[in-house]
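Please read the structure below before turning to the comments.
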Amino acid sequence: MVSASGLPAPKSMDAIMSLCKRRGFVYQASEIYGGINGFWDYGPLGTLLKRNLREAWWQDVVMVPCWGRRGPDGETVSIVPVDTRIIQHPKVWEASGHVAGFNDPMVDCRETRGRYRYDHVQVFVPQNDQPGDKPVFAYVGDQPSEAKQRKRAEKTFGAVKPVALSSLAQPWARVIAPDAEQPGTLTEPRMFNLMFDTVPGAIRDEANKAYLRPETAQGIFVQAKNVWDTNRVRVPFGIAQAGTSFRNEVTPRNFTFRSREFEQMEIEFFVVPPEFLEGDEKTTADPLAWYKFFRDWRMEWWKSVGLGGENLILRDHATDELAHYSTATSDIEYRFPFTSPGFGELEGIAYRGNYDLTQHQKHSGTKLEYRDTGRGEVLPNGSRRGVSYLPHVIEPSAGLDRGVLALLCEAYTKDESRPSPEFMKFHPRVAPIKAAVFPLMDKDGLPEVATKLHAELAKRFARLGMIETDAKGSIGKRYARMDEAGCPFCFTVDAESLKGQSVTCRDRDTGVQTRMAIDSVVGFVGEKLGA
RNA sequence: GCGGGCGUAGCUCAGUGGUAGAGCAUCUGCCUUCCAAGCAGAAUGUCAGGGGUUCAAAUCCCCUCGCCCGCUCCA
């Protein structure tokens with residue numbers, strides 16, 4: 001099936017969710033109590049899938065950064081981990097801008113369904129008159145509504161002047177909202193409570209209010225100075241952290257895509273500010289060179305775990321889309337069934353300048369400059385005087401749960417021509433079940449051979465994922481079960497195995513069987529898993 | 001937050017006022033020399049939750065919760 005856009009018809013999200021429940025990938029949180037909006041739990045297979053994806057990130061980012069590649073400056077990439085708390089000092093979130101951004105009162109228009117920041121809404125009132133109970137015309141500056149509303153107001157009152165909506169007492173019945181026809185369609189301002197709060201301390205005291213982190217990144221920035229003061233790291237280097245974050249999404253939606261509790265995998269990679277670069281460094285070690293390096297490598301990485309193909313794109317942000325502190329940002333986006341033909345964000349790679357360190361330096365009153373002893377004036381003894389600066393930062397920030405959801409959507413395959421029409425095409429590296437061993441029949445000495453091979457595989461690979469064995473039922477049914485769980489390889493012991501010490505290896509994606517020596521199975525699986 | 005749809009077995013769903021159902025999956029046998037096969041049997045439900053109407057509610061009414069879709073939001 002091909003849709004009007006020329007794309008294959010999106011996979012059925014209902015079918016994917018149904019399989020996720022049926023096979024124990026994802027359950028609704030607190031389901032027996034009716035569920036809780038915006039929270040999802042993982043079952044055994046989902047937990048393993050998620051662990052495998054997190055572990056792949058950890059191995060490729062922290063243990064062997066960027067697969068051992070050299071950065072644009074020609075040096076090995078250095079990244080160290082931290083593990084910081086979900087609850088930080090409340091001022092962390094004032095410095096980061098989250099408190100302000102998360103606490104704006106908003107007004108909604110019932111007629112146009114527009115939503116505006118209360119403090120951004122202006123109204124036109126008569127120039128030399130009290131507005132009394134006359135209608136007032138609301139607009140948001142720099143939008144087309146401003147000119148239009150001015151015209152309407154002048155038609156009604158003659159000369160008008162703008163005042164803040166918030167300066168009027170009880171205006172709600174007579175406000176004509178931007179782009180609205182009727183008065184009285186604006187709601188009273190409401191707070192959008194986007195950060196979860198909590199109160200540390202055994203005695204509840206609102207003055208001690210703290211927040212559950214809305215991102216793991218700030219924990220990294222807050223400890224960055226400690227990391228470079230107490231470890232032998234030198235800029236450029238990165239700090240990585242994976243962990244849980246919380247956001248009060250306005251509308252939890254689209255299965256696990258927009259959850260209120262979710263896990264992030266973030267890198268803050270600190271680089272030399274451009275003004276301190278010398279000679280060739282101006283091209284090879286420029287922040288933008290690092291930005292491109294990470295952007296392109298992160299894209300390759302997502303492909304390597306099984307998201308290749310046309311459903312994955314790298315999208316550079318347009319200038320007007322950039323946050324005010326960023327000069328370059330791109331998103332790695334996946335075409336989810338529920339976003340198709342559009343895309344949903346998996347990871348953002350942003351060049352953030354020194355915005356975050358500047359903010360924390362200011363709010364904490366603690367100097368966060370890095371002392372770079374490899375730069376500055378050359379002293380008589382040949383060493384350098386050293387310079388101090390706030391490093392610039394490249395931030396590749398990925399959503400782990402979104403990654404898992406993308407893996408589930410990408411893996412889900414429907415093929416009515418197969419005996420097992422639904423199957424999960426996981427890359428072996430992330431597959432929760434790595435291999436299965438079956439005796440063709442539950443008799444004639446076959447189970448004994450299968451048990452032995454299963455034990456060998458489990459000894460070698462069970463720390464990476466499940467190794468299954470099952471002797472019951474028809475062989476087709478057992479293959480089909482493994483297909484649904486996404487197990488890439490099934491090894492079957494048959495009568496020939498007893499004579500020739502060989503088994504068949506069935507490939508999940510093609511159903512093709514090849515015969516191989518029992519002795520070679522462990523090596524074969526190891527090679528496929530890259531283990 | 002607004003509008004629409006939905007909620008019955010593990011899954012997919014039927015059941016519109018009168019005994020809680022089907023298919024598939026699951027489990028136990030038998031059978032079986034490679035793809036959800038066959039035969040026999042078994043287990044499985046707060047009908048999302050609460051309240052109301054009624055002799056009687058899965059069914060009608062109200063409230064709540066959750067999921068899906070469209071707006072909105074996504075710092």
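Nothing here was measured: the structure is a model prediction, and the numbers come from that model.
A cation-pi geometry, defined here as NZ or CZ lying under 6.0 Å from the six-membered ring centre and within 45° of its normal, does not hold between A:R506 and A:F491.
Positionally, the nearest nucleotide of RNA chain B for A:R481 lies more toward the 5' end than for the other of A:R481 and A:A495. Checking A:F257 against A:F338, the closest nucleotide of RNA chain B that is more toward the 5' end is the one next to A:F338.
B:rU33 makes up no base pair with any nucleotide shown, lacking Watson-Crick or G-U wobble contacts both under 3.5 Å. Pairing for B:rC67 goes to B:rG5, judged as Watson-Crick or G-U wobble with the two contacts each under 3.5 Å.
Side chain to side chain, A:T84 and A:Q223 fail the donor-acceptor criterion of an N or O pair below 3.5 Å.
At a cut-off of 3.5 angstrom, counting only N and O atoms as typed in the model, there is a donor on one side and an acceptor on the other between the side-chain of A:Q513 and the base of B:rC35. One N or O donor and one acceptor, one from the side chain of A:R506 and one from the base of B:rC35, sit under 3.5 Å apart. No hydrogens or angles were tested; on distance alone, a donor-acceptor pair under 3.5 Å links the side chain of A:R253 to the base of B:rG70. Residue-to-nucleotide contacts include a donor-acceptor pair under 3.5 Å from the side chain of A:T504 to the base of B:rC34.
Closest to the A:S420 side chain, of the nucleotides B:rC67, B:rC11, B:rA36, is B:rA36. Closest to the side chain of A:E484, from the set B:rC68, B:rG66, B:rA36, is B:rA36. Closest to the side chain of A:Q28, from the set B:rU32, B:rG66, B:rU26, is B:rG66.
The pair A:R295-A:D331 fails the salt-bridge criterion, with no side-chain N (NZ, NE, NH1 or NH2) lying under 4.0 Å from an Asp/Glu carboxylate O.
The closest side-chain heavy-atom distance from A:R247 to A:F262 is below 4.5 Å. Side chains of A:D519 and A:Q501 form no contact here, defined as non-hydrogen atoms less than 4.5 Å apart. A:F246 places none of its side-chain heavy atoms less than 4.5 Å from the side chain of A:M195.
The CG-P distance, from A:N248 to B:rC74, rounds to 14 Å in whole Å. Look at CZ on A:R515: it is 12 Å from P on B:rC34, rounded to the nearest Å. Here B:rC34 presents its P atom at 12 Å from CG of A:L446, a figure rounded to the nearest Å. The distance from atom CE of A:M482 to atom P of B:rA36 is 15 Å, rounded to the nearest whole Å. Spacing between atom NZ of A:K477 and atom C1' of B:rG38 amounts to 10 Å, rounded to whole angstrom units. In this structure, the CZ atom of A:F336 is 19 Å from the P atom of B:rC74, given to the nearest Å. Between the CZ atom of A:R260 and the P atom of B:rC67 there is a distance of 9 Å, given to the nearest Å. Whole-Å rounding puts the A:D444 CG to B:rU32 P distance at 10 Å.
In this structure, A:D483 reaches neither bases nor backbone, as no heavy-atom distance under 4.0 Å exists between it and the strands shown. A:E31 comes within 4.0 angstrom of nothing in the nucleic acid, heavy atoms only. At the heavy-atom level, A:G38 lies under 4.0 Å from the strands shown only through sugar-phosphate atoms. Nucleic acid contact for A:S18: sugar-phosphate only, since backbone atoms but no base atoms lie under 4.0 Å from a heavy atom of the residue. Within the nucleic acid shown, A:D494 comes within 4.0 Å of at least one base atom, counting heavy atoms only. Note on A:R258: a base of the nucleic acid sits closer than 4.0 angstrom, heavy atoms only.
Aromatic rings from A:Y42 and A:Y27 are positioned such that their centres are separated by 6.0 Å or more.
A distance of about 6 Å separates the C1' atoms of B:rA9 and B:rG45, rounded to the whole Å. Remark: the separation of the C1' atoms in B:rU59 and B:rU8 is 11 Å, to the nearest Å.
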